[in-house]
Asks: 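What follows is a structure written as structure tokens; I'll ask about it next.
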Amino acid sequence: MDCREINNLLLKVNRICFGDRFKKAFIEKFKYLPGGLTYHCYFDDDLNLVWFLTLKKYGYEHSFNDGVTDDTDASDFDIGNGEITDEMREWVKNYFIHYETEFYNKYMS
């Protein structure tokens, strides 16, 4: 994968995590949603795509850099405020397995 493909992949995962369906389900479970909760990824030494849940704050440099629009640089973010628990990590992984199955099977499994 080149940089453009990784950017597009990050935009896809952001669209899921910043979407209303994900937000509603997360809030139903945890009663709140940490701002900017989404996945980020990188290649490890064996060129495997590694995913990790993080808090991203977009738009600090340009208002149109929101992490979801096509012209966004999905790697251009600050780390947001808040804590991600192990329970949240497991829940989000299971959300992707059950509700974003195609994305999970294609990019995360």
Side-chain angles (χ1 to χ4, degrees):
M1 274 189 183
D2 64 19
C3 291
R4 186 177 53 82
E5 291 170 319
I6 291 289
N7 193 72
N8 289 336
L9 187 58
L10 291 172
L11 292 177
K12 286 179 186 180
V13 79
N14 285 352
R15 286 182 188 118
I16 294 168
C17 291
F18 296 162
D20 291 337
R21 190 171 91 168
F22 176 85
K23 288 180 185 179
K24 181 180 178 192
F26 192 94
I27 290 170
E28 284 177 6
K29 170 67 177 169
F30 294 100
K31 308 303 181 224
Y32 77 104
L33 176 67
L37 182 70
T38 189
Y39 277 108
H40 196 68
C41 63
Y42 65 91
F43 286 104
D44 66 11
D45 293 338
D46 297 324
L47 298 180
N48 297 310
L49 199 55
V50 177
W51 291 90
F52 63 96
L53 198 61
T54 190
L55 302 173
K56 294 181 178 180
K57 182 179 175 189
Y58 285 98
Y60 60 93
E61 188 174 306
H62 302 289
S63 61
F64 60 83
N65 186 29
D66 61 5
V68 296
T69 55
D70 288 334
D71 294 328
T72 296
D73 177 358
S75 295
D76 188 16
F77 62 91
D78 277 339
I79 300 298
N81 295 323
E83 182 181 342
I84 302 171
T85 66
D86 290 339
E87 182 183 13
M88 290 174 183
R89 284 183 188 87
E90 190 64 26
W91 185 91
V92 173
K93 178 181 176 183
N94 285 326
Y95 179 91
F96 271 77
I97 290 170
H98 295 290
Y99 298 105
E100 299 296 339
T101 307
E102 184 178 334
F103 184 91
Y104 183 85
N105 289 337
K106 187 170 183 180
Y107 301 111
M108 300 177 99
S109 64

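Values below: all heavy atoms of this structure, side chains included; hydrogens, waters and symmetry mates excluded.
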Asks: Under the salt bridge (charged side-chain N to carboxylate O under 4.0 Å, His left out) test, which residues partner Asp46, sequence neighbours left out?
Replies: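 Result, salt bridge (charged side-chain N to carboxylate O under 4.0 Å, His left out) vs Asp46: none returned.
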Asks: Working to the nearest 0.5 angstrom, can you tell me the gap between Lys56 NZ and Ile79 CD1?
Replies: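 The distance works out to 8.0 Å.
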Asks: Please determine whether residues Ile27 and Ile84 belong to a single hydrophobic cluster, defined as Ile, Leu, Val, Met, Phe, Trp and Tyr linked transitively by side-chain heavy-atom distances below 4.5 Å.
Replies: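 The answer is yes; both residues are in one hydrophobic cluster.
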Asks: Quick one about Asp66 and Thr72 (side-chain donor to acceptor, distance below 3.5 Å, no hydrogens or angles considered), yes or no?
Replies: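 Thr72 vs Asp66: donor-acceptor pair found between side chains.
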Asks: Any chance you could measure Lys106, atom NZ, to Thr101, atom OG1, to the nearest 0.5 Å?
Replies: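 Here the interatomic distance stands at 14.5 Å.
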Asks: Would you call Phe26 and Met88 a side-chain contact if the rule is heavy atoms closer than 4.5 Å?
Replies: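 Yes, close enough: below the 4.5 Å cut-off.
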Asks: If you define the side chain from C-beta out and look only at heavy atoms, does anything of Leu9 sit under 4.5 Å from Tyr39?
Replies: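 Side-chain contact under 4.5 Å: no.
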Asks: Hey, could you give me the CG/CG distance between Asp78 and Leu55, rounded to the nearest 0.5 Å?
Replies: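 Answer for the CG-CG pair, Asp78 versus Leu55, is 12.0 Å.
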Asks: Run the salt bridge (charged side-chain N to carboxylate O under 4.0 Å, His left out) check on Arg21 and Glu100 step by step: do they pass?
Replies: CA-CA 11 Å; Arg21 190 171 91 168; Glu100 299 296 339; 3.0 Å; yes
Asks: If we only count heavy atoms from C-beta on, is the Cys17 to Leu37 side-chain gap below 4.5 Å?
Replies: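 When only atoms from C-beta onward are counted, Leu37 and Cys17 do not touch, as no gap falls below 4.5 Å.
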Asks: Which value, rounded to the nearest 0.5 Å, describes the distance between Ile97 atom CD1 and Asn105 atom CG?
Replies: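 Atom-to-atom, Ile97:CD1 and Asn105:CG are 8.5 Å apart.
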Asks: Taking all heavy atoms of Leu10 and all of Ser75, pick out the closest pair and write down the distance.
Replies: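 Minimum heavy-atom contact is CD1-OG, 3.9 Å.
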Asks: Please indicate whether Asn81 has more than 12 foreign heavy atoms, meaning atoms of other residues, nucleotides or ligands, lying under 6.0 Å from its CG.
Replies: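 It does not: Asn81 CG has 12 such atoms or fewer within range.
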Asks: Does some side-chain heavy atom of Phe22 sit less than 4.5 Å from a side-chain heavy atom of Val92?
Replies: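 The answer is yes, as the side chains (C-beta and beyond) meet within the 4.5 Å cut-off.
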Asks: Any donor-acceptor pair under 3.5 Å linking the side chain of Asn94 with the backbone of Glu90?
Replies: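 The answer is yes, because a donor-acceptor pair under 3.5 Å joins these two groups.
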Asks: Does Asp76 use its side chain to pair, donor to acceptor, with the backbone of Asn65 at less than 3.5 Å?
Replies: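 Checking the backbone N and O of Asn65 against the side chain of Asp76, no donor-acceptor pair under 3.5 Å is found.
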Asks: Considering all heavy atoms of both residues, which atom of Ala25 and which atom of Tyr95 are nearest to each other, and what is their separation?
Replies: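 Heavy-atom minimum between the residues: CB-CE1, 4.0 Å.
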Asks: Would you list the pairs meeting salt bridge (charged side-chain N to carboxylate O under 4.0 Å, His left out) in which at least one residue belongs to residues 28-39, sequence neighbours left out?
Replies: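 For residues 28-39: Lys29-Glu87.
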Asks: For Arg15, check side chain to side chain donor-acceptor pair (under 3.5 Å) against everything at least two apart and list the hits.
Replies: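 Side chain to side chain donor-acceptor pair (under 3.5 Å) check on Arg15 returns Asp70.
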Asks: Would you please classify the geometry between the Tyr42 ring and the Phe52 ring as parallel, tilted or perpendicular, with 30° and 60° separating the classes?
Replies: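 Rings of Phe52 and Tyr42: tilted, as their planes differ by 30° to 60°.
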Asks: Under 4.5 Å between any side-chain heavy atoms of Trp51 and Tyr107, yes or no?
Replies: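 In contact.
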Asks: Looking at Glu102, I'd like to know if its CD atom is crowded, meaning that more than 12 non-hydrogen atoms belonging to other residues, nucleotides or ligands lie closer than 6.0 Å.
Replies: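 Open.
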Asks: What about Val13 and Tyr99, same hydrophobic cluster or not, with Ile/Leu/Val/Met/Phe/Trp/Tyr joined at side-chain heavy-atom distances under 4.5 Å?
Replies: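 Linked, Val13 and Tyr99 end up in one cluster.
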Asks: Is the closest side-chain heavy-atom distance between Arg4 and Asn8 below 4.5 Å?
Replies: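 The answer is yes; the side chains approach within 4.5 Å.
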Asks: Do Leu11 and Phe77 belong together in a cluster built from hydrophobic side chains that touch within less than 4.5 Å?
Replies: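 Shared cluster, no.
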Asks: Same cluster for Phe96 and Trp91 if Ile/Leu/Val/Met/Phe/Trp/Tyr side chains link at under 4.5 Å?
Replies: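 Yes, Phe96 connects to Trp91 through the hydrophobic network.
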Asks: Using the rule side-chain contact (heavy atoms from CB on, under 4.5 Å), only one of Asn14, Asp20, Ile16 pairs with Phe18; which is it?
Replies: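 Result for side-chain contact (heavy atoms from CB on, under 4.5 Å) with Phe18: Asn14.
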Asks: How far apart are the closest heavy atoms of Glu83 and Pro34, and which atoms are they?
Replies: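 Shortest heavy-atom separation between Glu83 and Pro34 comes out as O-CG, 4.3 Å.
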Asks: Please round to the nearest 0.5 Å and tell me the distance separating atom OH of Tyr104 and atom NE2 of His98.
Replies: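 Taking OH in Tyr104 and NE2 in His98, the distance rounds to 9.5 Å.
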Asks: Within a strict 4.5 Å, meaning less than it, do heavy atoms of the Phe43 and Leu49 side chains meet?
Replies: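 The answer is yes; the side chains approach within 4.5 Å.
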Asks: Decide if atom CG of Asp45 counts as having more than 12 heavy atoms of other residues, nucleotides or ligands within a radius under 6.0 Å.
Replies: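 Check fails, neighbour count at 12 or below.
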